[in-house]
Colleague: 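Below: one structure in structure tokens.
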Amino acid sequence: MTTVSLGFPRLRPSPLIIQQTDRPTSSQLVDRMGRTARDLRISVTEKCSLKCTYCMPEEGLPAIPRQCLLSPTEIGRLVRIATTRLGIREVRFTGGEPLMRADLEDIVAESRSVAPDTDLSITTNAIGLDRRINGLVEAGLNRLNISLDTIDRSAFARLTRRDRLKDVLSGIRAASTTTRHPLKINAVLMQETLDQAPDLLAWALEHGHKLRFIEQMPLDADHTWAKSTMVPAEEVIRVLRERFTLTNPFRTDPAAPAEEWLINGGPYTVGIIAAVTRPFCADCDRTRITAEGTIRTCLFSDDETDLRSLLRSGTDDALIADMWRAAMWNKPAGHGMEQQTFVPPHRSMGAIGG
Ligand code: SAM
Ligand code: SF4
């Protein structure tokens, strides 16, 4: 029942996928289009302290039974397989809200012990981060992405359905004094927060954070997304230009989803991720594991492959790695949003892990 209401997808039974004859020959996570996955996103929970309208339903997602969630040891094992056998270079924990897991420090520590040189990060709304940041850094976390869409308290409360901007800002303050890297702040703009984008950018510049705007994708649990009402990247740029000069867009590397624009001639930049209006699927380098332990090769594809049952049935690392390769081989070419026949996936962003 729970998995169905979470939007549980078409699940490939593990033995079937491994029997396919058309198989990748590379040891890495390559697909039929020639893309190689280097970036692993692991969702650790469906729970969240906010209920952003573009992500969660008002009542939150149905709870995943505890025994269905991957444990820190199981997550550590997947990180080991991914980094030692499959060429993954970067691991990010997400959700739902990763800080909702009381054992997030254990997840990070298990992962760090098996992947000492890998970039380990979290994507978080920062609520409660002020109390956890030291423990997370000690456990081995080396980067954070924080989501914040507006610095206007009432707009924040409307958008997230919770009046908790103050808690988010104290989490951000604590993180920025503890970590070495500049914080990355991600913002999804909606029509109602569009005019606040310049204030958010001014705030980010003042505090030394790197801001990126992300186009809203059709991944909300309420299924209210419409192309006609979403804020396209060009609209974000137009509004920012009312206060800043934006020039010389560039990408730091071809797989980077964000186009960086120089602000007022530089050196500071603002990133724009036009996932809907200028898709970058051809350069996608991601693979995902859901909180229940399924491989999800694309945000928009409901085809998933169950690894949890393999982890719990004595399957060795080599076979699990093979399953992962086989799943990635079938990664779809693109999200298909431009097609008339496009239908959003069953799972919403919070149930996949953004
Ligand atoms: N709770 C954490 C947070 O908000 O950072 C991590 C999970 S959240 C699903 C990860 C990212 O997905 C956030 O930056 C959020 O803004 C983004 N997101 C959620 N729904 C989205 C949507 N419909 N379109 C684009 N981005 C979305
Ligand atoms: Fe929670 Fe993040 Fe989704 Fe907002 S975007 S509801 S903070 S999971």
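If you're wondering where the values come from, they're calculated on a predicted model, not measured in any experiment. Note that ligands are numbered from 1 as they come in the structure, with each ligand's atoms numbered from 1 the same way.
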Colleague: Which atoms of ligand 1 have any heavy atom of S147 under 4.0 Å away?
Modeller: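 The atoms of ligand 1 under 4.0 Å from a heavy atom of S147 are 3 (C), 4 (O), 5 (O), 13 (C), 14 (O).
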Colleague: For ligand 1, indicate whether the residue T123 contacts it via side chain, backbone, both or neither (heavy-atom separation under 4.0 Å).
Modeller: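 For T123, backbone and side-chain atoms both sit under 4.0 Å from ligand 1.
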Colleague: With heavy atoms under 4.0 Å as the rule, classify the contact between T124 and ligand 1 as side chain, backbone, both or neither.
Modeller: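 T124 to ligand 1: backbone contact only, side chain stays beyond 4.0 Å.
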Colleague: Geometry only, no angles: is N145 polar-contacting ligand 1 at N/O separations under 3.5 Å?
Modeller: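 In fact, backbone or side chain, N145 has no N or O that close.
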Colleague: List every atom of ligand 1 that sits less than 4.0 Å from any heavy atom of T94, numbering the atoms from 1 in the order shown and giving each element.
Modeller: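 Near T94, meaning under 4.0 Å from one of its heavy atoms, ligand 1 has 6 (C), 7 (C).
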Colleague: Got an N, O or S from C55 under 2.8 Å of atom 3 (Fe) of ligand 2?
Modeller: yes
Colleague: Short N/O distance, under 3.5 Å, between I214 and ligand 1?
Modeller: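 No, there is no polar N/O contact under 3.5 Å.
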Colleague: Using distance alone, decide if ligand 1 has a nitrogen or oxygen within less than 3.5 Å of any nitrogen or oxygen in G350.
Modeller: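 For ligand 1, there is no N or O atom that lies under 3.5 Å from one belonging to G350.
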Colleague: Within a distance under 4.0 Å of any heavy atom of G96, pick out the atoms of ligand 2 and give their elements.
Modeller: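 Every atom of ligand 2 under 4.0 Å from some heavy atom of G96: 8 (S).
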Colleague: Using a strict cut-off of 4.0 Å, indicate which atoms of ligand 1 neighbour a heavy atom of G95.
Modeller: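 Those atoms are 7 (C), 9 (C).
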Colleague: Does any N or O of ligand 1 fall below 3.5 Å from an N or O anywhere on Q216, backbone included?
Modeller: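 N/O-N/O distance under 3.5 Å: no.
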Colleague: Nearest protein heavy-atom contact for atom 1 (Fe) of ligand 2: which residue, which atom, what distance?
Modeller: C48 SG, 2.2 Å
Colleague: With atoms numbered from 1 as shown, which atoms in ligand 2 lie under 4.0 angstrom from a non-hydrogen atom of N125?
Modeller: 7 (S)
Colleague: Any atom of ligand 2 sitting under 4.0 Å from a heavy atom of G95?
Modeller: no
